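To start, the structure under review is shown below, and the notes come after it.
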Amino acid sequence: MTATIYKPDSVISPHPRVTRLLGQNPSPFTGAGTNTWLAGEKTPVLIDTGSGYASYTALLDESLSSRGEERPSQCLLTHGHPDHSGGVAVLARRFPGLAFRKMPWVKVDEKIEIPFQPMADGDRIEVEGGLTLRAVHTPGHSPDHLCFLWEEEHILFTGDLVLGAGTTFIPRETGNMGEYMASLEQVLRLNPRRIFPGHGPVIESPQPAVEQLLNHRREREAQILACIAKSTHTPPTVENIATEVYKGYSPALGPLIMETVGAHVDKLLAEGRVFALPEGPPRYHI
Ligand SMILES: [Zn+2]
């Protein structure tokens with residue numbers, strides 16, 4: 001039998017009762033891969049599942065046995081995107097009877113074909129080892145997004161709401177920039193001591209990090225609004241705005257930038273700060 005070779009730094013323990021396992025799914029979108037978390041003692045909870053790769057299941061088995069544990073007590077999902085919930089079917093086979101909990105998002109959940117136990121904002125899960133995890137609904141990146149607040153330690157598992165590195169993608173159709181920014185403000189109000197994110201390193205100083213994320217979005221919004229405001233003769237399309245505001249960015253990022261600008265424009269539309277021309281391809285004015 002050959003030992004499985006894991007990605008570098010696949011296992012870290014940022015807290016005596018928490019092990020972070022990389023999902024073995026590195027990519028331009030996931031960075032070093034998705035962070036999944038074993039937290040608690042004896043029968044720990046697992047937060048997120050990676051993409052469903054066999055090497056991840058092997059890593060999970062090894063980590064459980066090095067913690068002196070046999071299986072997770074249950075699995076909580078931050079949201080339904082495939083790099084977080086893609087391992088559900090594999091883990092359901094590996095650990096028969098394992099309960100999976102998430103906030104419902106019907107059109108995504110039905111594709112996963114494993115029954116979920118629904119979670120809602122404020123639900124509390126007790127885990128052996130002194131963990132009370134409270135679900136915090138934090139939409140914006142996706143409608144079903146939950147963070148989990150470890151109440152005793154005031155540590156927040158943030159999924160894709162706050163990343164240890166890089167910028168959270170807000171898809172125009174299924175995301176919502178206004179909700180995303182409100183969710184970041186909610187994190188500021190929770191004032192966690194540490195953040196254990198869905199990708200990238202642990203954040204040891206959450207307040208300045210989250211302030212910086214919010215300020216970055218506010219600056220982008222101001223630039224987009226200014227671009228629309230000055231183009232009185234020819235109201236711009238999302239593409240026109242993206243070309244001006246994101247000058248110098250790689251053309252490979254074009255589709256992502258268009259989505260992001262679109263999400264900002266939709267927020268401004270919802271707030272009544274910009275308007276769409278009534279006819280023709282969507283163009284915006286103030
Ligand atoms: Zn995601």
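Indexing begins at 1, ligand by ligand and atom by atom, following the structure's order. Keep in mind it's a predicted model, so treat the numbers as computed, not measured.
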For this session: Report yes if the distance between the aromatic ring centroids of His84 and His199 is under 6.0 Å, otherwise no.
Result: yes
Exercise. Is the Phe196 ring parallel, tilted or perpendicular to the Trp37 ring (thresholds 30°, 60°)?
Worked result: parallel
Exercise. According to a 4.5 Å side-chain heavy-atom criterion applied to Ile, Leu, Val, Met, Phe, Trp and Tyr, with indirect links allowed, do Leu149 and Val18 form part of one hydrophobic cluster?
Worked result: no
Exercise. Are the charged groups of Arg273 and Glu221 less than 4.0 angstrom apart, N to O?
Worked result: yes
For this session: Around the Zn ion (ligand 1), list the protein N/O/S atoms within a radius below 2.8 Å, excluding water molecules.
Result: His79 NE2, His81 ND1, His141 NE2, Asp160 OD2
Donor-acceptor pairs are to be reported for all side-chain atoms of residues 93-100 against protein atoms at under 3.5 Å, with residues two or more places apart or in another chain.
unit_1	atom_1	unit_2	atom_2	d
Arg94	NE	Asp61	OD1	3.1
Arg94	NE	Asp61	OD2	3.0
Arg94	NH2	Asp61	OD1	2.9

Problem set entry | Side-chain ion pair, Arg218 and Glu185, N-O less than 4.0 Å | yes
